[in-house]
Peer 1: 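This is the structure, below, for whatever I ask next.
Just so we're on the same page: letters track the sequence lines, and every chain starts at 1.
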Protein chains: 2
Amino acid sequence: MDDHQRCPRFEKAMEILSKRWTALIIFQLLPGPQRFARIENSLQNLSGKVLSDRLKELELEGIVKRDVYPETPVRIEYRLTDKGKALAPLFDSISNWSGEWIQLSQ
Amino acid sequence: MDDHQRCPRFEKAMEILSKRWTALIIFQLLPGPQRFARIENSLQNLSGKVLSDRLKELELEGIVKRDVYPETPVRIEYRLTDKGKALAPLFDSISNWSGEWIQLSQ
DNA sequence: ATATATAGTTACTTTATGTAACTGGGATTA
DNA sequence: TAATCCCAGTTACATAAAGTAACTATATAT
């Protein structure tokens, strides 16, 4: 009945991952690098402003890398680092759980 | 390079789990049933208002059960249902990831 | 009647997010 | 030489969500 002992690493992970949109952005990038507008259009209701904020946070955390290709017009791609890719099992867990427990109404 | 095909069950799961505080509340209940004030005090910055909202949502989703013991004063306990307990592997994933990838700055 | 305990709720403030229009650099077109 | 287009964001403003502290309701004990 005691609390979990709270591991500071775990707390930090939860702090990162439980921010709105963050997990979905990571999930969106799992298949490969994508550009700003692509991510924005893929995630319904995600505003450019918040996407911009989240990508910066994820870059700071070392989860996402921003690649600049000086073509014309410039092309910028966001991709997961190894740290980011290592989150794949998390999404597997969610996928397994939802497959077993989520009922679709209708 | 294509998007993941978006499974509606997965989307629903993300919708539930990515709301602020929701995952932490579930995690907090993993070891066993707890009362309102206990949960509130365990999670820094979680207000009673939001806790109340979240517990109602989680009850509606069938993830949490509210048990009333008509003692005096009344005792009310919140506990995970089987659906809720089935989320344990998700927290294992996060724990594994954070153990491997999160650096504590000092 | 007053005080204590639990489990919330309410009114109000602050923060986070959504919207739509705008910026800036560099081609391309008229 | 503008005027236009593309991309990758940013800005000002409006709305929604979350935090704070005081309050409600019920029941018992003093």
Side-chain angles (χ1 to χ4, degrees), chain A residues 1 3 11-12 14-29 32-61 63-81 84, chain B residues 1 3 11-12 14-29 32-61 63-81 84:
Chain A
M1 215 62 56
D3 285 354
E11 300 237 305
K12 173 71 173 168
M14 289 298 286
E15 186 186 313
I16 295 169
L17 295 169
S18 71
K19 263 199 152 169
R20 183 136 73 166
W21 295 114
T22 300
L24 281 169
I25 292 166
I26 295 169
F27 180 73
Q28 178 69 24
L29 289 176
Q34 286 179 45
R35 299 162 77 170
F36 193 93
R38 171 84 178 272
I39 304 171
E40 189 177 2
N41 295 330
S42 297
L43 300 176
Q44 189 75 327
N45 293 328
L46 168 60
S47 63
K49 190 185 74 156
V50 172
L51 177 55
S52 179
D53 288 349
R54 290 296 181 275
L55 288 170
K56 283 172 190 159
E57 291 163 6
L58 288 169
E59 245 196 296
L60 278 177
E61 295 296 345
I63 291 170
V64 161
K65 180 75 174 47
R66 181 178 185 270
D67 293 321
V68 180
Y69 299 92
E71 304 169 354
T72 200
V74 67
R75 177 166 57 100
I76 291 172
E77 289 191 342
Y78 294 91
R79 63 178 166 83
L80 295 180
T81 61
Chain B
M1 215 63 56
D3 285 353
E11 300 238 304
K12 173 71 173 169
M14 289 299 285
E15 187 186 314
I16 296 169
L17 294 169
S18 71
K19 262 198 152 171
R20 183 137 73 167
W21 295 113
T22 299
L24 280 169
I25 291 167
I26 294 169
F27 179 74
Q28 178 69 24
L29 289 176
Q34 286 179 45
R35 299 162 79 170
F36 192 93
R38 171 84 179 273
I39 303 170
E40 189 177 3
N41 294 330
S42 296
L43 300 176
Q44 191 73 329
N45 293 327
L46 168 60
S47 64
K49 189 186 76 153
V50 172
L51 177 55
S52 179
D53 289 349
R54 289 297 181 274
L55 288 170
K56 282 172 190 160
E57 291 163 6
L58 287 169
E59 244 196 297
L60 278 176
E61 295 297 344
I63 292 170
V64 161
K65 180 75 173 49
R66 180 178 186 270
D67 293 320
V68 179
Y69 300 92
E71 304 169 353
T72 202
V74 67
R75 177 165 58 102
I76 291 171
E77 290 191 340
Y78 294 92
R79 62 179 166 83
L80 296 180
T81 61

Peer 1: Return a table of donor-acceptor pairs under 3.5 angstrom between the side chains of residues 69-76 of chain A and protein atoms on other chains or two or more places apart.
Peer 2:
residue, atom, partner, partner atom, Å
A/Glu71, OE1, A/Arg75, NE, 3.1
A/Glu71, OE2, A/Arg75, NE, 3.2
A/Glu71, OE2, A/Arg75, NH2, 2.7
A/Arg75, NH1, A/Glu77, OE2, 3.0

Peer 1: Taking side-chain contact (heavy atoms from CB on, under 4.5 Å) as the definition, give me every residue that meets it alongside B/Ile26, ordered by chain and number, with sequence neighbours left out.
Peer 2: B/Leu17, B/Thr22, B/Leu58, B/Ile63, B/Leu80, B/Leu87, B/Phe91
Peer 1: Nucleotide by nucleotide, 5' to 3', does protein get under 4.0 Å of the base (B), only the sugar-phosphate (S), or neither (-) in nucleotides 17-30 of chain C, counting heavy atoms?
Peer 2: BBB------SS---
Peer 1: Can you measure B/Gln44 atom CD to D/dG19 atom C1' for me and round it to whole angstrom units?
Peer 2: 12 Å
Peer 1: Distance check, rounded to the nearest 0.5 Å: A/Leu46 atom CG versus A/Ser52 atom OG?
Peer 2: 10.5 Å
Peer 1: Holding to side-chain contact (heavy atoms from CB on, under 4.5 Å), I want the full list of residues that pass it with B/Lys65, two or more places apart in sequence or in another chain.
Peer 2: B/Asp67, B/Arg79, B/Thr81
Peer 1: Once salt bridge (charged side-chain N to carboxylate O under 4.0 Å, His left out) is applied, what residue pairs with a partner in residues 47-56 of chain B remain, sequence neighbours excluded?
Peer 2: B/Arg54-B/Glu57
Peer 1: Just compare C/dT9, C/dG8, D/dA8 and give me whichever is closest to any side-chain atom of A/Ile76.
Peer 2: D/dA8
Peer 1: C/dA7 phosphate, OP1 or OP2: any side-chain N/O from B/Arg35 under 4.0 angstrom?
Peer 2: yes
Peer 1: What is the separation between atom CG on B/Asp67 and atom C1' on C/dA7, rounded to the nearest whole Å?
Peer 2: 15 Å
Peer 1: In whole angstrom, give the distance that lies between atom CD of B/Glu71 and atom P of D/dA29.
Peer 2: 13 Å
Peer 1: Take the C1' atoms of the five end pairs on each side of the helix from C/dA1-D/dT30 to C/dA30-D/dT1, get both axes, and report the angle to 10 degrees.
Peer 2: 30°
Peer 1: Report yes if a side-chain nitrogen or oxygen of B/Tyr78 is closer than 4.0 Å to either non-bridging phosphate oxygen (OP1 or OP2) of C/dT6; otherwise report no.
Peer 2: no
Peer 1: Over all strands shown, is B/Tyr69 touching base, sugar-phosphate only, or nothing at heavy-atom distances under 4.0 angstrom?
Peer 2: nothing
